[in-house]
Amino acid sequence: MASEKNIKSKTKNVKYDPKSIELKWQSKWQQEAIYQPQLDSANSILASKDVSTEAKKSGKPYYNLMMFPYPSAEGLHVGSIYTFGGIDVYGRFQRMLGHEVFEPIGLDGYGIHSENHAIKTNTHPIDHAKRTEENFYRQLHAIGNSFAWDNKVETYNPDYYRWTQWIFVQLFKSGLAYRKSSAVNFCPSCMTVLSDEQVIDGQCERCNSVVEKKELEQWFFKITNYAERLLQNIETLDWTDKVRIAQRNWIGKKEGINITYPVEGMDETVTVFTTRPDTNYGATFIALAPEHKLALKITSKEQREVVKAYIEKSLHKSEIDRVAEGKEKTGAFTGAYAVNPLTGYKMPIWISDFVLGGFGTGALVGVPAHDKRDFQFAQKFGLDIIRVVKGTDGDQSAVTTIEQVQEEAGEMINSGFLNGMNIHDATHKMMNYIEDHKYGRREVSYHLRDWLISRQRYWGPPIPMIYCEDCATNGKSWFTTAEGHERLKIKDLGLKNPEKDLKSSILNLKSDMAGWYPEENLPVKLPYVKDFKPMGTGKSPLANYPEFYETNCPGCGKPARRETDVSDTFLDSAWYFLRYLATDLEHIPFPMPEERAKEFAGATKEEIDQAIKRQSFLPVTMYIGGAEHSVLHLLYARFVTMALHDMGYVPFEEPFSRFYAHGLIIKDGAKMSKSKGNIINPDDYIGKYGADTLRTYLLFLGPFNQGGDFRDTGVEGMNRFIKRVWTFFQNSQFSILNSQLSSESLKMMHEAIKGVTEDLEGLRFNTAIAKLMTWYNFLSKQERVSREELETYLQLFAPFAPHMTEELWESLGNPFSIHKSTWPSFDEKHLVKDTLTIAVQVNGKLRGTLAVAASDKDNRAMIEEKARAHTDVAKFLQTEPKKVIYVPGKILNFVV
RNA sequence: GCGGGCGUGGUGAAAUGGUAGACACGCAAGUUUUAGGAACUUGUGCCCAAAAGGUGUGGAGGUUCGAGUCCUCUCGCCCGCACCA
């Protein structure tokens, strides 16, 4: 007795000291490599969708991935801790369910963001990267995630970008990378070209400068070849709906028809794209985009000056000007007319900047009565307005106000053979008519454009291409080699017309085009140059260094020139999930089938073997990241994966089976940013409260897909709770009961297990934590607790507070580690609900149902008795029920 | 304009169509310590002095024995895309 008291008082003094506990376990986990999965020998019930308990317990590979962070000098963002905390909880849960969980981490260090910071702080990006890398990995260690630290990836590491360049070459060889001159988005502040996706409201995504249009020679990836498959596959993905919809909209499929009209008095035709050919009897003008090829060609002498001036003016307008000018239409008449074969109507051809050069054919046919923009245009320039659809209110009068413009529904009038039909039937009939008469062809148009991949910057992987003037003038390139010819025969590349598409890549090889690549000598290393600042001339800083760009042609051996642009960061992040599984393979980029793995020069037998085996972890089982990457990163990663699939390198088309978009952590109602001064430094909180508290607090804040507002008082509340749990476990070790649990305790335990398990499966971390708190409140009021309850409690809590629970698990004398223990299961028989639903029958007919209170102590007879006595039942029936029938499945069925 | 989502206490938020507000923050009272903080107990949607009771999920209808939840309309807010033919 005395000795027990003694120990008790001693133990009571063990204060919760997160710092020492967390350091202790982090280094022990590292030493024992408990989070390093068996990549080569994991059970490979290959990526089956079997989620039965059997499969779960069998060591099935589970690729648990988070979007890797781009390291900034400020260090890890508290938002990243939120994401990483969330996915780590999920990963630890899956591990305890018996999966072989692979949870890697790395840094997306290339790109404008890091480069700009290096410029600002006057450090070289390479040195800057080393510094931030160290800081990031230190912070990432401190949050206690179950990372597979042996499989790190940094995009700026030559071992990595060697393969990024290799992917570029593969796309080139398949005709999916090409070079062309085009008007591209140019940010005058970042001094680089931007992709369409990086332009937001006419402004640069990063610095908000107004984006200009510039005519430059650029590399593109033919993502548009995959538009249809990228769209179709969305149906098969287990992704957040919001993201699926965003992707669908971005691809923007439109089914319509291209109609070709002859230009009067000229040997020219103009082709327009429309989804509404049904209204073609009402067509009164044609409008071309300012950049349209025919714009000047068809313009009459008299109109030449006006049109020229208009085109010049509109092409110099920035996107933002076009938006700022609102809906006020502008335009210039070319003096030419196109003839509508349906009516013989002479449609004047105008140039207007409300027509987009990049959409459809860059030309439209104007039907002012049934399109608001066409109406505004016609009204401004006094063009005819012909009604061909009745208003939904039956209005058949001339259209003179914009409110009368009927766009969506109605009955056809003034339209010859279409009269009386609804617009949808009329559309089909007209399309058939046009095709039969050879006026046009059905056409599918997409909003998606080709991926502009070159960047005139320093901090990225050099594009591994070589220009040889000699070869180019002689019509030679890689495509004229035997291997190139072989590629032409590949039919399955997502190309609409492989022969034609590939040939056009070759035919486009002019003297300034790259026809060769240095495949055997990858990587093309990014040199350490002194002056790495962007020049703003449309050329990369590397163009100042002959020692970099001077080389010899792999084809003819004569002097040649390297490409000096680097590739877009999004290419780095489009395939990193593949590399994580092969960081130790020197000669093979990622897991792949044997016949492909064998092709790599220098690949050892062992490497090939590993490349084959590790396919069992692909595709990514669970991917978590920000919704802000809905279109950019996720679409690019899908495209690259699909292209690699078509080349036979990966057996799947889609990289991420399941994607979950988490919310954002904000501070005082605003996004955290340096300029607002509301940045949260996680180090401060980890130092003060420990990682366990910070993780649990962030996840308790609100639903995981919604994020939440960071508040100090909330962190303290969570810290109080964790300390309470700690103290409770310290003290309760002397009141452990090994005998049977009370039925109340059993019920609480099983409800907690069931609730937490379901919540974790659905990533509802906040409610899972609430359940743990409820159960704690119950346990702490018990005089005695059982060992089973304590252990189960720790197991449920383990994913959230991995260090503290590990420590307490050990103090209970359990084997290392709690994170390798088996997730507790619940027993349905303890889960009797408090309320039962009872069906009320009168003379054998269902009259309704009522809720009756019951507890787990109640047996069948008692429940029946309770139901009979229930006041609501009596009230409802206006008499007491005579007979109560028990129906399995927790429903009571009783009769009067 | 198109697409998606949301609306519940002072706050963050819970609720397979079945006792609305779990859990936490905050607040209040008390206990203890006392310099302060911390810890512990109790209370806390609103109305009423309290109890009894009433009322209550933006608003109006509807389906249902029963609606925060499903349907229709309406108001308000947020996010994404946008002169896309």
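Below, chains carry the letters A, B, ... as their sequence lines are ordered, and counting in each starts from 1. Values below: all heavy atoms of this structure, side chains included; hydrogens, waters and symmetry mates excluded.
A straight line from CH2 of A:Trp250 to C1' of B:rC2 spans 15 Å, rounded to a whole angstrom. As rounded to whole Å, 11 Å separates atom P of B:rA39 from atom NZ of A:Lys15. In this structure, A:Trp239 places its CH2 atom 19 Å from P of B:rG4, rounding to the nearest Å. With rounding to whole Å, A:Trp726 atom CH2 is found 18 Å from B:rA39 atom C1'. Rounding to whole angstrom units, CG of residue A:Asn249 and C1' of B:rG1 are separated by 14 Å. In this structure, A:Lys771 places its NZ atom 17 Å from P of B:rA13, rounding to the nearest Å. Taking atom OH of residue A:Tyr446 and atom P of nucleotide B:rA85, one finds them 15 Å apart after rounding to whole Å. Rounding to whole angstrom units, CD1 of residue A:Ile665 and C1' of B:rG12 are separated by 11 Å.
The side chain of A:Met773 lies closest to B:rC23, out of B:rC79, B:rC83, B:rC23. Of the candidates B:rG12, B:rA24, B:rC40, the closest approach to any side-chain atom of A:Arg724 belongs to B:rC40. In the set B:rA14, B:rC83, B:rC23, B:rA14 carries the atom at the smallest distance from any side-chain atom of A:Thr767. With B:rG3, B:rA24, B:rA13 as the candidates, the nucleotide lying closest to the side chain of A:Gln706 is B:rA13. Distance from the side chain of A:Phe359 is smallest for B:rA85 among the nucleotides B:rG3, B:rC25, B:rA85. Distance from the side chain of A:Arg711 is smallest for B:rG12 among the nucleotides B:rG12, B:rC79, B:rA15. Checking B:rG3, B:rA82, B:rC79 against the side-chain heavy atoms of A:Lys242 singles out B:rC79 as nearest.
Counting non-hydrogen atoms under 4.0 angstrom, A:Arg248 reaches nothing in the nucleic acid. Backbone-only contact: A:Asn777 has heavy atoms under 4.0 Å from sugar-phosphate atoms and none from a base. Residue A:Phe721 is out of contact with every strand shown, counting any heavy-atom pair closer than 4.0 Å. Nucleic acid contact for A:Asn766: sugar-phosphate only, since backbone atoms but no base atoms lie under 4.0 Å from a heavy atom of the residue. Note on A:Gln247: nothing from the nucleic acid sits closer than 4.0 angstrom, heavy atoms only.
Pairing each heavy atom of A:Pro277 with each of A:Thr427, the nearest pair is CD-CG2, 3.8 Å.
Put simply, the side chain of A:Lys329 and the base of B:rC83 share a donor and an acceptor less than 3.5 Å apart.
Judged purely by distance below 3.5 Å, without hydrogens or angles, the side chains of A:Asp384 and A:Tyr345 pair a donor atom with an acceptor atom. With 3.5 Å as the limit, one finds no donor-acceptor pair spanning the side chains of A:Asn258 and A:Thr271.
Between the CG atom in A:Leu772 and the CG atom in A:Asp759 there is a gap of 9.5 Å [rounded to 0.5 Å].
Listed pair A:Arg720 / B:rA39 meets the phosphate criterion, a side-chain N or O lying under 4.0 Å from OP1 or OP2. Contact annotation: A:Lys254 reaches the phosphate of B:rA85 (side-chain N/O to OP1 or OP2, under 4.0 Å).
Two rings, from A:Tyr776 and A:Phe721, have their centers less than 6.0 Å apart.
In terms of modelled atom types and a separation under 3.5 Å, the side chain of A:Arg695 and the main chain of A:Phe800 share a donor-acceptor contact.
In this structure B:rG9 sits in the syn conformation; its chi angle is within 90° of 0.
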